[in-house]
Amino acid sequence: MIIRDIFQETFYSLSANKIRSGLTILGIVIGIASVIAMVAIGQGAQASISSKIQAIGSNLIMVRPGAQKSGGVSGGAGSAQTLTLEDVAAIKSEVKNIKAVAPEVSRRYQITAKSANTNTQITGTVPDYQAVRSVSMDLGSFITEYQAKASAKVAVLGSASRDELFGTNANPIGEKIRINNIDFDVIGVTKSKGGSGFNNPDEAIYVPLSSAQSYLIGNKYVSSISVAASSQEMMTAVQNQITDLLLKRHNITDASSADFSLMNQTDIIETASSVTGTLTILLASIAGISLLVGGIGIMNMMLTTVTERTREIGLRKAVGIKKIYINMQFLAEAVALTFLGGVLGILIGWAASLLVSKFSTLTTQISPNSIFLAVGVSAAVGIVFGFYPARRAANLSPMEALRYE
Amino acid sequence: MIECRNLKKIYTNGDVETAALGGVSFRVEKGEFVSIIGPSGSGKSTLMHILGALDVPTSGQYFLDGKEVSQLNDDELSELRRERIGFVFQAFNLLPRTTVLRNVTLPLLYSKTSLKEREKKARQCLRYVGMEESKFYNMSNQLSGGQMQRVAIARSLINDPAIILADEPTGNLDTKTSQIVMKAFQELNHKGHTIILITHEPDIAKYAQRIISIRDGRIESDRRSS
Ligand SMILES: Nc1ncnc2c1ncn2[C@@H]1O[C@H](COP(=O)(O)OP(=O)(O)OP(=O)(O)O)[C@@H](O)[C@H]1O
Ligand SMILES: [Mg+2]
């Protein structure tokens, strides 16, 4: 009976004061929906960037020739010729906790196939490259140990290069392509990694390192060495070992004048994340302001009606309704409003994020934390400002409450 | 059953103090019908609020059924107001944007009475005070002054209280409706209810067996009605 009465009174009171209830709910909805949508967009951006970087390979350390420059992009990195296959062999045999090492040389060439041609990056590398850079195959196979040793004239195409040269989704295995006027047999096509821009792995063409060195580039230097550490925790140790080893091998005592540089994936992710992190913070602050505005709206609504509500409470007490029931009813009202507003806000925020996903390239990510935060703040504001004045009024004597101005 | 000893009430608004009651003492026995008369501002409503356990006196004692009301806690006071006292406010005090029936059943909220029973009782009380049936579902703020007054009276009767305290219950009513309401009070009184009402009109005061006259917060006279 009591529970039903409280529900009924709550329903009656909220529907009898539609504008008051509506505006309160609106305040809650605005706050919650904007927080959820904004955070979803920010996190979506962050996730998509780090997943693209992650796709390069995991626990990856790249050694490149050229001067070590702290923090910034080194202008000369990659252009100098300081790393050799002996360095690669030394890393392989002396550095502990590594999974695989893959040297590579690369240069852009004009490529021709039967009916098309393109200009793209040729990467000469070893079978381990597949493990180090997490390359997975769509068709055929990657370069084999035997082909690497024999300097076979074989090529593995990135999915975009295949599309370019042989047509979208064609099967080019067994066909020939011409690199620098030398024929190579196509033995495989990699799965798309969805990268974009410069050095897109989907646009690359892989050939054995020895073939690239002898038929195409004509020297013994490598343009970078990719090292996969055995685990995330070993990254720093592996990096230090490589640095020490190469400094010793190149007879350099001062680390700051090293003729090579190391970069790990975490650095790249961190740099990129700090950019998207700033974006998320920006969006979150906009959302925070919306939450604040919504909160002030709720507060305002509740406080402007406090006089009327205090008199109502006075009357309820005057006819003999106990304080606890008055408190329960007003708490139920505040909870009902914040609940309705919360559910609506979540739905609208969700819908907004889905729309952004649908009509832009961003895949938004709803974060449970943002939902908890937004709902928590609005619920707290709604309940505190809905319930607190009521509780205070319920502690007055009926006449004090009825006379309240 | 009602006993006041030297009741005083001083309203304090900032620095301004208004003495509304300056020491009022009287007894009302069970089953009495008492009128309180007096000029405007003499403290009648103030006294009535104290009798209705809606306000506390600044000093003095008020006993209801032998219990000192100032000793009761908040819940006991609520129970007292609900079970024992029907109060009709001078300013009606109805819930706005709420139907007549809901206003009348308000004191039955959170009680064991079923919804059906509540509505039945409310209809009875409303008919008893001469309220038009067609207005039962009107919003309280869309009623005339006289209609609101009758809703307020009906609400005071809903719990069949032993004591009915009415602050100018006929102030907004025409002679005919006043008579209906006063006849209702008289009938209730004959059934054993104790009734105290405030009025300005000598004609209304005559329904009572006893008339207490108040002036400047003190009892001026207390006599049997002729
Ligand atoms: N809340 C209050 N604060 C200060 N003074 C008050 C308050 N309520 C009443 N008074 C004062 O107390 C005195 C008695 O008021 P009360 O309402 O009891 O008069 P009344 O006899 O009921 O008058 P009326 O016949 O006009 O209803 C008046 O002088 C009034 O101004
Ligand atoms: Mg008065």
Side-chain angles (χ1 to χ4, degrees), chain A residues 1-23 301 304-333 390-405, chain B residues 9 11 13 20 45-46 48-50 52-57 69-70 73-99 102-115 117-118 139-141 152 155-156 158-159 161 165:
Chain A
M1 206 61 104
I2 286 166
I3 302 289
R4 193 204 53 204
D5 276 3
I6 285 173
F7 272 110
Q8 263 197 358
E9 281 298 293
T10 302
F11 177 76
Y12 199 86
S13 169
L14 294 184
S15 50
N17 301 286
K18 288 198 182 63
I19 296 178
R20 184 173 79 198
S21 317
L23 287 176
M301 210 54 230
T304 47
T305 57
V306 84
T307 305
E308 188 188 325
R309 306 239 76 184
T310 302
R311 307 186 89 243
E312 181 187 334
I313 288 168
L315 175 63
R316 283 172 187 272
K317 282 198 87 172
V319 300
I321 296 176
K322 281 187 183 151
K323 200 159 70 180
I324 181 165
Y325 298 133
I326 295 174
N327 282 339
M328 274 158 81
Q329 186 203 322
F330 277 70
L331 184 63
E333 272 186 38
R391 220 184 82 100
R392 220 184 37 182
N395 279 327
L396 298 175
S397 82
M399 279 324 289
E400 278 174 315
L402 279 167
R403 277 196 293 257
Y404 187 86
E405 298 294 341
Chain B
K9 179 74 183 179
Y11 290 112
N13 274 325
S45 295
T46 304
M48 202 67 134
H49 293 150
I50 294 171
L54 302 171
D55 211 351
V56 285
V69 172
S70 65
N73 68 27
D74 202 84
D75 280 353
E76 288 168 333
L77 284 173
S78 283
E79 199 155 317
L80 182 75
R81 289 192 283 261
R82 172 165 155 154
E83 303 298 332
R84 307 281 300 151
I85 302 169
F87 200 97
V88 184
F89 288 94
Q90 191 170 14
F92 320 141
N93 286 333
L94 302 180
L95 281 182
R97 298 182 292 282
T98 304
T99 62
R102 245 189 129 76
N103 262 289
V104 176
T105 53
L106 188 67
L108 295 177
L109 266 183
Y110 314 118
S111 73
K112 290 197 183 69
T113 321
S114 74
L115 285 187
E117 187 68 15
R118 290 182 200 178
M139 293 295 160
S140 64
N141 43 320
R155 183 179 61 196
S156 76
I158 191 97
N159 254 330
L165 304 172

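Order of the sequence lines fixes the chain letters, A, B, ..., with proteins taken first and strands second; residue numbering starts at 1 for each chain. All heavy atoms count here, side chains included; hydrogens, waters and symmetry mates do not.
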For this session: Name the orientation class of the two ring planes belonging to B:F89 and B:H49 (parallel below 30°, tilted from 30 to 60°, perpendicular beyond 60°).
Result: tilted
Problem set entry | Trace of the salt bridge (charged side-chain N to carboxylate O under 4.0 Å, His left out) decision for A:R316 with A:E9 | CA-CA 12 Å; A:R316 283 172 187 272; A:E9 281 298 293; 2.8 Å; yes
Problem set entry | Segment of B:F87 engaging chain A (4.5 angstrom heavy-atom cut-off) | neither
Problem set entry | Interface residue of largest heavy-atom contact number with chain A, from B:V56, B:L115, B:T98, under 4.5 Å | B:L115
Seminar exercise, completed: Note: vs chain A, highest number of non-hydrogen pairs under 4.5 angstrom among B:M139, B:R155, B:R102 is B:R102
Exercise. Are B:E76 and B:R81 within salt-bridge range, i.e. N to O under 4.0 Å?
Worked result: no
Problem set entry | Toward chain B, the part of A:Q8 with a non-hydrogen atom under 4.5 Å | both
Exercise. Side chain, backbone, both or neither: which part of B:I85 has an atom under 4.5 Å from a heavy atom of chain A?
Worked result: neither
Exercise. Is any NZ, NE, NH1 or NH2 atom of the basic residue among A:R309 and A:E333 found under 4.0 Å from an Asp or Glu carboxylate oxygen of the other?
Worked result: yes
Exercise. Is chain A contacted by the side chain of B:T99, its backbone, both, or neither, given a heavy-atom distance below 4.5 Å?
Worked result: both
Exercise. Under 4.0 Å between a Lys/Arg side-chain N and an Asp/Glu carboxylate O for A:E308 and B:R97?
Worked result: yes
For this session: Mark yes when over 12 heavy atoms from residues, nucleotides or ligands other than A:R391 sit less than 6.0 Å from its CZ; otherwise mark no.
Result: no
Exercise. What part of B:Y11 gets closer than 4.5 Å to chain A, counting heavy atoms only: side chain, backbone, both or neither?
Worked result: side chain
Exercise. So does B:D75 pair up with B:R82, basic N to acidic O under 4.0 Å?
Worked result: no
Problem set entry | Part of A:I3 within contact of chain B (heavy atom distance under 4.5 Å) | neither
Problem set entry | Contacting moiety of B:D74, where chain A heavy atoms sit under 4.5 Å | side chain
For this session: Pick one of side chain, backbone, both or neither for B:R118, based on which atoms fall under 4.5 Å of a heavy atom in chain A.
Result: side chain
